[in-house]
There are 2 protein chains.
Amino acid sequence: MQLIQIYQCFCDETRLRIIHLLTKGPLCVCHFQDILEVPQTKVSQHLAYLRKREIVECKRRGAWMIYSLPAQPSAELETNLKCLQDCVQTNPVFRSDLEKLPAARENEAAWLDEAASKTCDCS
Amino acid sequence: MQLIQIYQCFCDETRLRIIHLLTKGPLCVCHFQDILEVPQTKVSQHLAYLRKREIVECKRRGAWMIYSLPAQPSAELETNLKCLQDCVQTNPVFRSDLEKLPAARENEAAWLDEAASKTCDCS
DNA sequence: ACAATATATGCGTGAAAACGAATATGTGTA
DNA sequence: TACACATATTCGTTTTCACGCATATATTGT
């Protein structure tokens, strides 16, 4: 049942913050490191977990791996992503993550613009 | 963060079925046993897990323990309960659980009617 | 007080998860 | 080719979870 896998992905704080950031557009591993301030290993491990359950997709762009939400998310995933965004509106942790987003993205604006076109619209 | 605890509660199939059934009104342990067809111990253990995280409430009614969703659920919980109900609309497992609900309830209509007034409205 | 019923709790085990540390892989560049 | 950077994978350890089994507790009826 994919719904269970969605909740499994959502039930860890680091993963939930990653997923939430991805609802705003694609990001690469170093962005998560900067924004979440957790070690690279930890980020990669959680991304592997999400990949295995098909909650995120990734593609290589030079040395970077660009992660995004599925281009064609299931109805369940889409519904839950919207729900998540409702729920975290006023949460300081998630708000703070979003505030760090523009700065983190600025430097790689080039590939991000291109990658963004491949993302699902969950915002 | 309560949101994490919500997803922790949602990420096991048995618990998710319990929670889903509770969105239709209060139930006691034996109902879950009948509907889910899992051993009493397993039901009670999952209910303890949910109680600990304040996703369900319970009160004694004679020999029965009546479980229900919180009378005053948090915004996050309420949002996620609605989301859950959207997601499982067409899912055979959850639909089948609902179909067994009226029969399971019939015999204890008396205390259920009374208990129902204490439940939050998530339907 | 006793038996029957409903439910909860404690224990042991195996599996999964979380995480840091070390290491491996892939890519761009000198 | 060699080196630096970005990312992934493996390993060992600790914690949490899921579950069956046995047992304890609470309530009702006799």
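Here is the naming used below: chain letters follow the sequence lines, and residue numbers restart at 1 for every chain. Computed from a predicted model, the values in this text were never measured in an experiment.
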Asker: Take the protein atom CG of B:Leu47 and the nucleotide atom P of D:dC19, then report the distance between them rounded to whole Å.
Answerer: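 For the pair B:Leu47 CG and D:dC19 P, the rounded distance is 13 Å.
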Asker: Does CD in A:Glu54 sit with more than 12 non-hydrogen atoms of other residues, nucleotides or ligands closer than 6.0 Å?
Answerer: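 For A:Glu54, atom CD is not crowded (no more than 12 foreign heavy atoms under 6.0 Å).
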Asker: Less than 4.5 Å apart, any side-chain heavy atom of B:Tyr67 and any of B:Pro26?
Answerer: no
Asker: Determine all donor-acceptor pairs shorter than 3.5 Å in which one atom belongs to a side chain in residues 93-102 of chain B; sequence neighbours excluded.
Answerer:
unit_1: B:Arg95; atom_1: NH1; unit_2: B:Gln89; atom_2: O; d: 3.0
unit_1: B:Asp97; atom_1: OD1; unit_2: B:Arg17; atom_2: NH2; d: 2.9
unit_1: B:Asp97; atom_1: OD2; unit_2: B:Arg17; atom_2: NE; d: 2.8
unit_1: B:Lys100; atom_1: NZ; unit_2: B:Ile35; atom_2: O; d: 3.1
unit_1: B:Lys100; atom_1: NZ; unit_2: B:Glu37; atom_2: OE2; d: 3.1

Asker: Which part of the nucleic acid does B:Tyr67 contact within heavy-atom distance under 4.0 Å: base, sugar-phosphate only, or nothing?
Answerer: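 Result for B:Tyr67 = sugar-phosphate.
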Asker: Sequence neighbours left out, cut at 3.5 Å: what donor-acceptor pairs do the side chains of residues 39-48 of chain B make with other protein atoms?
Answerer:
unit_1: B:Gln40; atom_1: NE2; unit_2: B:Ser44; atom_2: OG; d: 3.1
unit_1: B:His46; atom_1: ND1; unit_2: B:Arg15; atom_2: NH1; d: 3.2

Asker: How does each nucleotide of nucleotides 20-30 of chain C score, in 5' to 3' order, for protein heavy atoms under 4.0 Å: base (B), sugar-phosphate only (S), or none (-)?
Answerer: BBB---SSS--
Asker: For DNA chain D, which residues in residues 1-17 of chain A have a heavy atom at a distance below 4.0 Å?
Answerer: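 Of all residues in residues 1-17 of chain A, none places a heavy atom under 4.0 Å from DNA chain D.
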Asker: For a quick check under 3.5 Å, do A:Lys24 and A:Gln85 share a side-chain donor-acceptor pair by atom type?
Answerer: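 Short answer, yes.
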Asker: For A:Leu50 and C:dA17, what is the distance between atoms CG and P respectively, to the nearest whole Å?
Answerer: 12 Å
Asker: Angle between the two end axes of the helix from C:dA1-D:dT30 to C:dA30-D:dT1, five base pairs per end, rounded to 10 degrees?
Answerer: 10°
Asker: How close or far is atom C1' of D:dT16 from atom NZ of B:Lys52, stated in whole angstroms?
Answerer: 10 Å
Asker: Whole Å only: how far is the OH atom of B:Tyr49 from the P atom of D:dA18?
Answerer: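 About 6 Å, once rounded to whole Å.
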Asker: Of all heavy-atom pairs between A:Ile18 and A:Leu36, which one has the smallest distance, and what is that distance?
Answerer: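 Taking A:Ile18 first and A:Leu36 second, the nearest heavy atoms are CG1-CD1, 3.6 Å.
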Asker: For a 4.5 angstrom cut-off between non-hydrogen side-chain atoms, does B:Leu77 reach B:Pro70?
Answerer: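 Yes, at least one pair of side-chain atoms sits under 4.5 Å.
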Asker: Using whole Å, report how far CE of A:Met65 lies from P of D:dA8.
Answerer: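 Between P of D:dA8 and CE of A:Met65: 5 Å.
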Asker: To the nearest angstrom, how far is A:His46 atom NE2 from D:dT7 atom C1'?
Answerer: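 Interatomic distance, NE2 of A:His46 to C1' of D:dT7: 16 Å.
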Asker: Could you run down the sub-3.5 Å N/O contacts of the protein with nucleotides 1-3 of chain C?
Answerer:
none

Asker: How many Å lie between CH2 on A:Trp64 and P on D:dA4, as a whole number?
Answerer: 18 Å
